Participant: 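Mind looking over this structure? Questions follow.
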Amino acid sequence: MDDVSRRIYETGVIPVIKLNHPQETAQKLAEVLCCGGLPAAEVTFRAEGASEAIRLMRQARPDLLVGAGTVLSCGQAREAMDAGAQFIVMPGMDEEIVRFCREKGMPVFPGCSSATDYHTAYRLGLEVLKFFPAETLGGLSRIRALAGPFPMFRIMPTGGINLDNLEAYLSDPRIFACGGSYMVKESLIDGGCWDEIRSLCEHSADIVRKVRGEKTCQE
Ligand code: 3PG
């Protein structure tokens, strides 16, 4: 297990972020995430300036693990890496992007949601997969069903994760970490609701601690 993946496991919940105004918000958000106990971020390429946001967040808090999300092409993956991204997340399975990232030694987590996707991931030798969109597709029951033929994967569900279902997801040993935007909604960031963001992060980190205690990512 590489160091970045280990840090993702230890954080337990990865905030999925769309930053509309990185110049105004990236630095403050980086600080709030670290102080709130979730020192990791998946900055999505759904907003212009995602790479700028990645750069600013890394500069602001070198202790924050910053990845790129919603990466749809090798060009975006390259742009994210140039900006300092430490991992790449894709909504779907794209072999070309997976290969590109692995050639560069960059941890990559493609979105997988079917036996066909899992089979491709197996062939590519991946260990940790994003599962998206988790709740819409049946959540834990689908993850458990897919683990029948594919018990080798650890899963990062995103899509519909919130404080009501986080504990249930994290309690399943197949779950590596969860991704979610509930603590960093656009309205909270654009409204400068930093105390609320911090409190949602703290609450999430409490759930991670409660479920996992001192477990390490090999267990
Ligand atoms: C993602 O990109 O991983 C998801 O859109 C996050 O889903 P959420 O907004 O339901 O947390």
Side-chain angles (χ1 to χ4, degrees), residues 4-5 8-9 11-20 22 25 29 32-33 36 38 40-51 53-54 57 65-73 76-77 79-80 85-94 97-98 101 107-114 117-118 121 126 128-143 146 153-170 172 174-191 193 196-197 199-205 207-208:
V4 165
S5 299
I8 290 174
Y9 175 86
T11 305
V13 182
I14 308 302
V16 177
I17 297 161
K18 180 175 174 222
L19 270 193
N20 295 314
T25 53
L29 181 60
V32 171
L33 294 178
L38 295 184
E42 178 190 324
V43 178
T44 65
F45 271 72
R46 292 177 202 187
E48 293 281 322
S51 50
I54 291 167
M57 291 179 84
L65 184 68
V66 184
T70 322
V71 171
L72 300 178
S73 66
Q76 281 182 339
E79 192 184 324
Q86 294 157 291
F87 62 94
I88 301 290
V89 183
M90 298 139 58
M93 167 52 84
D94 182 307
I97 303 176
V98 172
C101 290
V108 58
F109 306 101
C112 294
S113 58
S114 68
D117 292 340
Y118 275 50
L126 293 164
V128 180
L129 312 177
K130 170 173 168 135
F131 178 81
F132 173 79
E135 280 292 284
T136 308
L137 291 176
L140 276 171
S141 63
R142 186 172 176 119
I143 290 170
L146 284 164
F153 295 122
R154 305 292 297 277
I155 304 299
M156 283 204 287
T158 69
I161 310 291
N162 54 48
L163 285 175
D164 295 329
N165 57 21
L166 179 62
E167 185 169 339
Y169 273 100
L170 289 175
D172 189 296
R174 297 166 194 88
I175 302 303
F176 191 73
C178 290
S181 65
Y182 65 87
M183 75 302 272
V184 285
K185 282 193 215 122
E186 278 179 74
S187 55
L188 293 176
I189 295 173
D190 293 344
C193 306
E196 192 173 344
I197 293 172
S199 144
L200 288 163
C201 290
E202 285 170 350
H203 196 153
S204 308
I207 294 173
V208 175

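What you see is a predicted model, and the numbers here were worked out from it, not measured in a lab. Read the numbers this way: they start at 1 and go in the same order the structure lists the ligands and their atoms.
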Participant: Check Lys130 against ligand 1 and report side chain, backbone, both or neither, counting heavy atoms closer than 4.0 Å.
Facilitator: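 Under 4.0 Å from ligand 1, Lys130 contributes side-chain atoms alone.
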Participant: Would Leu65 and Thr11 satisfy side chain to side chain contact (heavy atoms under 4.5 Å, CB included), going step by step from the backbone distance to the final call?
Facilitator: CA-CA 10 Å; Leu65 184 68; Thr11 305; 5.7 Å; no
Participant: Below a 4.0 angstrom heavy-atom separation, can you tell me which part of Met183, side chain or backbone, both or neither, approaches ligand 1?
Facilitator: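 The answer is neither; Met183 stays 4.0 Å or more away.
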Participant: Short list, please: which atoms of ligand 1 are under 4.0 Å from a heavy atom of Gly180?
Facilitator: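 Every atom of ligand 1 under 4.0 Å from some heavy atom of Gly180: 11 (O).
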Participant: Counting each atom of ligand 1 from 1 as listed, which ones have a heavy atom of Thr158 under 4.0 Å away?
Facilitator: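 Reading through ligand 1 atom by atom, the close ones are 1 (C), 3 (O).
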Participant: Do any N or O atoms from the side chain of Thr44 and from the backbone of Ile17 form a donor-acceptor pair under 3.5 angstrom?
Facilitator: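 It does hold such a pair.
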Participant: Could you pull out, from Ser181, Cys178, Gly160, the option with a heavy atom nearest to atom 10 (O) of ligand 1?
Facilitator: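 When every heavy atom of Ser181, Cys178, Gly160 is considered, Gly160 comes closest to atom 10 (O) of ligand 1.
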Participant: For a quick test of reading the model, state the closest non-hydrogen atom pair linking Phe109 to Ser5 and the distance between them.
Facilitator: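 Looking at all heavy atoms of both residues, the closest pair is CZ-OG, 3.7 Å.
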Participant: Do Lys130 and Thr158 have a side chain donor and acceptor closer than 3.5 Å?
Facilitator: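 Judged by distance alone, the side chains do pair up.
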Participant: Could you tell me, atom by atom, which parts of ligand 1 come under 4.0 Å of a heavy atom of Phe132?
Facilitator: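 With Phe132 as reference, the close atoms of ligand 1 come out as 1 (C), 4 (C), 5 (O).
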Participant: Report the nearest protein non-hydrogen atom to atom 5 (O) of ligand 1: residue, atom name, distance rounded to 0.1 Å.
Facilitator: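 Checked against all protein heavy atoms, atom 5 (O) of ligand 1 sits closest to Arg46 NH2, 3.2 Å.
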Participant: State whether the shortest distance between N or O atoms of Thr44 and N or O atoms of ligand 1 falls below 3.5 angstrom.
Facilitator: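 By distance alone, the answer is no.
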Participant: At what distance, to the nearest 0.5 angstrom, does CD of Gln86 lie from CD of Glu42?
Facilitator: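 One gets 13.5 Å once the value is rounded to the nearest 0.5 Å.
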Participant: Rounded to the nearest 0.5 Å, what's the gap from CG on Leu170 to SG on Cys178? Could you check?
Facilitator: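 Rounded to the nearest 0.5 Å, the CG-SG separation comes out at 4.5 Å.
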Participant: With a sphere of 6.0 Å drawn around CD of Glu202, does it hold more than 12 non-hydrogen atoms of other residues, nucleotides or ligands?
Facilitator: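 It does: Glu202 CD has more than 12 such atoms within range.
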Participant: Please write down residue, atom name and distance for the protein heavy atom closest to atom 6 (C) of ligand 1.
Facilitator: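 For this ligand atom, the closest protein heavy atom is Gly159 N, 4.0 Å.
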Participant: Val16 heavy atoms, cut-off 4.0 Å: which ligand 1 atoms fall inside?
Facilitator: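 Counting atoms of ligand 1 from 1, those under 4.0 Å from Val16 are 1 (C), 2 (O).
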Participant: Within the structure, does Thr70 bring an N/O atom to less than 3.5 angstrom of an N/O atom in ligand 1?
Facilitator: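 In this structure, Thr70 places no N or O atom under 3.5 Å from an N or O of ligand 1.
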Participant: Among all residues two or more places apart in sequence or in another chain, which pass the side-chain contact (heavy atoms from CB on, under 4.5 Å) test with Ser113?
Facilitator: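 Once residues adjacent in sequence are excluded, the partners of Ser113 under the side-chain contact (heavy atoms from CB on, under 4.5 Å) criterion are Asp117, Phe131, Leu137.
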